[in-house]
Amino acid sequence: MRILFMGPPGAGKGTQAEIVAGHFGIPAISTGDIFRANVAQDTELGVEAKRFMDAGEYVPDEVTNLMVRNRIDEQDAEKGFLLDGYPRTLAQVDELDGMIRHTGHRLDGVVVLTVDPVELVARLTARAESEGRADDTEDVIRRRQEVYTEQTEPLIEVYRQRGLLCEVDGLGEVEEVTQRILDALAGVEES
Ligand code: ADP
């Protein structure tokens, strides 16, 4: 099982990614989490990524691509993986296609979580208060949303044309949303 999770900042990708990956017995690989772990440990990658993350910009493709390539080469990802937050640019789509082709597998589905924009800002502001993420201030939140619209939203059409897209309403109880995702994925698996 090789699946991708997409959605605007605050759509609840991280929460659902963990649950759905657990359901399929595959690792949930979150590029945002890997970057944050590197920032916390003050690694070279972390120092480089932090500048972009704090401004709400995407980390450059070369840096992100290499990091993902190394991660999915690890043994636990051999039987499949759920990528949360990658790809986010058209260049990353190409790169991921190459990585998957190289392993002789294919992509099984792309989940896009949709949430009303007003609800999104409310969720992110609440998260800023509870978790204290450096990129959850109002200005940076707005910038992250713009970058998502400009650079990541176009990917939805790419995957729709490939017949891989599962658009799922992200509003509701966590369990409810999980069930919608599993139902939608069952649909693409059959087609
Ligand atoms: P959000 O849920 O707000 O979209 P993430 O936790 O997924 O945030 O990612 C946090 C930050 O990490 C992003 O704003 C970006 O700077 C960086 N990042 C994560 N994934 C990618 C990616 N695929 N390409 C470039 N930058 C990324």
Side-chain angles (χ1 to χ4, degrees), residues 2-21 27-72 77 81-100 107 110-117 119-156 158-159 168 170 174 177:
R2 283 161 187 79
I3 44 185
L4 312 181
F5 266 41
M6 289 177 50
K13 288 190 303 290
T15 307
Q16 293 296 335
E18 288 293 336
I19 302 172
V20 172
I29 301 174
S30 156
T31 42
D33 283 351
I34 302 176
F35 283 133
R36 275 186 291 278
N38 276 277
V39 170
Q41 289 161 23
D42 214 20
T43 67
E44 206 176 313
L45 174 66
V47 172
E48 162 129 46
K50 190 177 186 329
R51 297 189 281 138
F52 297 96
M53 294 170 73
D54 285 353
E57 304 293 334
Y58 286 164
V59 177
D61 284 335
E62 315 80 71
V63 177
T64 310
N65 288 336
L66 183 65
M67 181 180 88
V68 172
R69 182 180 291 275
N70 289 337
R71 178 63 188 85
I72 68 179
F81 48 78
L82 185 163
L83 281 173
D84 163 17
Y86 182 93
R88 290 194 199 206
T89 64
L90 290 167
Q92 291 179 9
V93 170
D94 287 342
E95 193 72 16
L96 178 65
D97 285 341
M99 291 181 217
I100 296 180
L107 198 56
V110 178
V111 173
V112 179
L113 277 184
T114 56
V115 177
D116 174 69
E119 168 71 16
L120 283 181
V121 178
R123 285 189 186 184
L124 288 167
T125 318
R127 185 170 77 185
E129 278 162 22
S130 63
E131 292 178 22
R133 258 177 60 163
D135 59 351
D136 274 346
T137 63
E138 209 180 311
D139 282 355
V140 178
I141 290 172
R142 201 167 306 120
R143 182 61 194 147
R144 275 163 46 216
Q145 289 181 326
E146 278 169 16
V147 173
Y148 178 82
T149 306
E150 284 162 17
Q151 303 201 43
T152 306
E153 247 174 28
L155 275 55
I156 295 177
V158 172
Y159 288 121
V168 175
V174 171
V177 177

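Just so you know, ligand 1 is whichever comes first in the structure, and atom 1 is the first atom listed for that ligand. As the structure is a prediction and not an experimental result, all values here were calculated from the model.
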Trainee: I'd like to know if the side chain of Lys13 and the backbone of Phe5 have a donor-acceptor N/O pair within less than 3.5 Å.
Mentor: no
Trainee: Output yes when a side-chain donor or acceptor of Gln92 lies under 3.5 Å from a complementary backbone atom of Asn65, and no otherwise.
Mentor: no
Trainee: Tabulated below should be the N or O atoms of ligand 1 paired with protein N or O atoms at under 3.5 Å; can you produce that?
Mentor:
unit_1   : atom_1 : unit_2 : atom_2 : d
ligand 1 : 3 (O)  : Arg144 : NE     : 3.2
ligand 1 : 3 (O)  : Arg144 : NH2    : 2.4
ligand 1 : 4 (O)  : Arg88  : NH1    : 3.1
ligand 1 : 6 (O)  : Arg36  : NH1    : 2.9
ligand 1 : 6 (O)  : Arg36  : NH2    : 2.9
ligand 1 : 7 (O)  : Arg88  : NH2    : 2.5
ligand 1 : 16 (O) : Glu57  : O      : 2.7
ligand 1 : 20 (N) : Thr31  : OG1    : 2.7
ligand 1 : 20 (N) : Gly85  : O      : 3.3
ligand 1 : 20 (N) : Arg88  : NE     : 3.3
ligand 1 : 23 (N) : Gly85  : O      : 2.8
ligand 1 : 23 (N) : Gln92  : OE1    : 3.0
ligand 1 : 24 (N) : Gln92  : NE2    : 2.9
ligand 1 : 26 (N) : Val59  : N      : 3.1

Trainee: With Arg88, which residues qualify under side-chain hydrogen bond (donor to acceptor under 3.5 Å, both in side chains), at least two apart?
Mentor: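 With sequence neighbours excluded, Arg88 shows a side-chain hydrogen bond (donor to acceptor under 3.5 Å, both in side chains) to no residue whatsoever.
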Trainee: List for me each residue that meets side-chain hydrogen bond (donor to acceptor under 3.5 Å, both in side chains) alongside Glu153, sequence neighbours excluded, and say none if there are none.
Mentor: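 Not a single residue meets the side-chain hydrogen bond (donor to acceptor under 3.5 Å, both in side chains) criterion with Glu153.
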Trainee: Could you go step by step and tell me if Thr89 and Thr64 meet the side chain to side chain contact (heavy atoms under 4.5 Å, CB included) rule?
Mentor: CA-CA 11 Å; Thr89 64; Thr64 310; over 6 Å; no
Trainee: Glu146: which residues meet the side-chain hydrogen bond (donor to acceptor under 3.5 Å, both in side chains) condition with it, sequence neighbours left out?
Mentor: Arg143
